[in-house]
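Data block below; observations after.
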Number of protein chains: 2
Amino acid sequence: MPGRPRDPALDAAILRATFEFVEEEGYRRLSIEGIAARSGVHKQAIYRRYRSKGELVLAALGRFAAERLPTPDTGSLRDDLVTLLTATFAAQRGASGQLNRALAVEALQDERFAARLWTELIEPRRAVVRAMIDRAAERGEITGANPDFFVDLVYGPMWYRLLFDIPALDDSYAARLADTVLAAARGPRTA
Amino acid sequence: MPGRPRDPALDAAILRATFEFVEEEGYRRLSIEGIAARSGVHKQAIYRRYRSKGELVLAALGRFAAERLPTPDTGSLRDDLVTLLTATFAAQRGASGQLNRALAVEALQDERFAARLWTELIEPRRAVVRAMIDRAAERGEITGANPDFFVDLVYGPMWYRLLFDIPALDDSYAARLADTVLAAARGPRTA
DNA sequence: TTTTCAATATGAGACGTTGCGTATTGACAA
DNA sequence: TTGTCAATACGCAACGTCTCATATTGAAAA
């Protein structure tokens with residue numbers, strides 16, 4: 001039962017190397033063996049911790065990025081959205097974007113991993129937006145129909161640009177998206 | 001100069017095998033060697049025609065799916081959108097969806113291929129929606145600001161669900177999305 | 001208290017597999 | 001004579017597994 005404990009320095013070295021690697025060279029060249037070589041950690045030490053590259057990237061993203069995203073509650077749906085999206089998009093322009101791309105590749109090739117990604121990463125972030133929408137509905141700011149669908153409207157364009165054109169995800173894009181979601185959530189002009 | 005001409009039967013066999021393969025087994029197992037084995041065509045015959053798996057899939061999608069999408073012009077933006085999205089989403093639930101996923105994987109790993117994909121496939125489809133929006137603006141149905149941004153609103157959620165949950169792309173999703181884009185395009189309620 | 005022992009981690013290195021993309025060969029069609 | 005065809009082999013990269021000797025830990029035995 002006791003056994004030698006895992007070296008926490010290796011945990012950190014692995015995640016750090018993953019982060020740096022993907023930031024410098026993009027997802028294309030990211031490989032377990034590459035991370036092992038870069039971090040000086042043996043390949044097996046990585047496989048002992050993560051079953052696949054996807055799990056490793058998921059852990060790396062959780063460690064370095066997810067906690068830094070805000071959970072705004074300003075009293076205005078638009079301000080909440082702008083705050084969240086500005087920070088989120090800024091992260092996508094850095095390592096987070098590359099890691100998200102990596103996760104997308106893994107998810108596209110493995111349905112079970114896609115499910116894990118959804119519940120562990122995507123859904124929690126959806127919940128943040130859903131809560132913002134719910135609060136706005138309570139305040140009477142919008143009509144509360146289908147909050148879940150509006151969440152797609154928020155994150156859909158982000159992933160779309162994450163796939164094809166990350167630099168498009170700038171502050172003005174965030175603001176426009178916030179305005180647009182707001183307009184849509186308010187319902188058709190002809191009440 | 002002439003030399004022996006390529007066998008058109010091979011062209012067809014390759015594309016057909018690609019189509020069937022991806023439909024039955026998803027993208028995960030799609031490989032040039034697998035397609036070669038399945039179609040009875042030799043690997044080199046494929047490489048003679050396509051430089052990479054991405055180009056092959058791009059060709060297959062162009063051949064079997066892209067031409068079947070409608071270019072509606074009903075006189076109503078909502079009807080145009082519903083018609084286009086219903087047909088597009090239906091295609092995504094079949095082989096087109098798998099092929100698009102395959103293209104996404106290739107694009108994520110190769111910037112140059114991503115650029116090709118954008119200009120050859122994504123942009124033409126965006127143009128269809130942009131044209132619909134432009135016509136609506138001319139009719140005074142909507143305010144004509146930023147048609148390109150609204151195109152993101154149309155295709156963003158589609159790719160998002162293409163990544164994580166294809167079955168969600170049903171007729172009701174198409175209708176809701178059309179309604180929502182319309183509401184957003186009309187601008188804020190307070191004129 | 002000291003020793004022993006089972007359990008686990010570590011780096012090093014090798015292994016078989018898959019898929020990539022390239023090259024060679026000889027037959028064959030224009 | 002040129003380019004396609006099938007067949008086959010090749011080098012490369014990365015995967016994921018395995019064995020080995022060594023190191024580190026907690027618990028049990030002396």
Side-chain angles (χ1 to χ4, degrees), chain A residues 1-18 21-22 24-60 98 101-103 105-110 112-113 116, chain B residues 1-18 21-22 25-60 98 101-103 105-113 116:
Chain A
M1 196 76 175
R4 173 175 174 174
R6 286 185 186 163
D7 188 344
L10 294 196
D11 295 347
I14 293 167
L15 293 178
R16 190 157 149 258
T18 305
F21 206 129
V22 88
E24 289 171 19
E25 313 205 37
Y27 175 62
R28 188 181 178 182
R29 294 210 178 83
L30 186 66
S31 69
I32 298 272
E33 300 199 335
I35 293 166
R38 183 191 188 105
S39 61
V41 164
H42 197 76
K43 191 164 60 154
Q44 271 300 2
I46 298 176
Y47 277 110
R48 218 170 271 124
R49 290 167 170 76
Y50 309 100
R51 268 186 233 164
S52 68
K53 189 162 56 169
E55 292 197 15
L56 168 54
V57 173
L58 195 51
Q98 294 303 319
R101 286 166 63 94
L103 290 172
V105 173
E106 297 302 316
L108 284 167
Q109 284 167 321
D110 183 348
R112 279 179 305 179
F113 180 74
R116 273 198 64 184
Chain B
M1 194 79 174
R4 175 175 177 174
R6 286 184 185 166
D7 187 345
L10 295 195
D11 295 347
I14 292 167
L15 293 178
R16 191 158 148 258
T18 305
F21 206 128
V22 88
E25 315 205 35
Y27 174 64
R28 189 180 177 183
R29 294 209 178 86
L30 186 67
S31 70
I32 298 270
E33 301 200 335
I35 293 166
R38 180 190 190 107
S39 62
V41 165
H42 200 81
K43 190 166 68 155
Q44 271 301 0
I46 298 176
Y47 277 109
R48 221 169 270 124
R49 290 165 171 77
Y50 308 101
R51 267 186 236 164
S52 68
K53 189 159 60 168
E55 292 198 15
L56 168 54
V57 172
L58 195 52
Q98 294 303 319
R101 286 165 63 94
L103 291 172
V105 173
E106 297 302 316
L108 284 167
Q109 284 166 321
D110 182 349
E111 284 301 321
R112 280 179 304 179
F113 181 75
R116 273 199 64 187

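In this text, all values refer to a predicted model and were calculated from it rather than measured experimentally. First the proteins, then the strands, lettered A, B, ... as listed; each starts at 1.
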A:Leu56 atom CG is separated from D:dC15 atom C1', nearest whole Å, by 14 Å
Rounded to whole Å, CZ of A:Arg28 lies from P of D:dA13 at a distance of 13 Å
**Study point:** Residues B:Glu111, A:Arg101; criterion salt bridge (Lys or Arg N to Asp or Glu O under 4.0 Å); working and verdict
**Key:** CA-CA 12 Å; B:Glu111 284 301 321; A:Arg101 286 166 63 94; 3.2 Å; yes
Given protein heavy atoms under 4.0 Å, the one-letter contact record of nucleotides 20-25 of chain C, with B base, S sugar-phosphate only and - none, is simply BBBB--
Those residues at least two apart in sequence (or on a different chain) that pass side-chain hydrogen bond (donor to acceptor under 3.5 Å, both in side chains) with B:Gln44 are none
In whole angstroms, the gap separating C1' of D:dC5 from CD1 of B:Ile14 amounts to 12 Å
Answer with base, sugar-phosphate or nothing: what part of the nucleic acid does B:Arg49 contact at a heavy-atom distance below 4.0 Å? sugar-phosphate
B:Arg38 CZ to C:dG19 C1', in whole Å, measures 18 Å
The side-chain hydrogen bond (donor to acceptor under 3.5 Å, both in side chains) partners of A:Glu25 (sequence neighbours excluded) come to none
To the nearest angstrom, the CD1-C1' distance between A:Ile46 and C:dG11 comes to 12 Å
Residues at least two apart in sequence or cross-chain that pass side-chain contact (heavy atoms from CB on, under 4.5 Å) with A:Arg116, listed by chain then number, are A:Glu55, A:Leu58, A:Glu120
B:Gln109 meets the side-chain hydrogen bond (donor to acceptor under 3.5 Å, both in side chains) criterion, sequence neighbours left out, with none
Any A:Arg4 side-chain nitrogen or oxygen under 4.0 Å from OP1 or OP2 of D:dA23
no
note: A:Gln109, atom CD; D:dG16, atom P; distance rounded to Å ~ 11 Å
B:Asp11 meets the side-chain hydrogen bond (donor to acceptor under 3.5 Å, both in side chains) criterion, sequence neighbours left out, with B:Arg49
B:Leu10 CG to C:dC28 C1', in whole Å, measures 14 Å
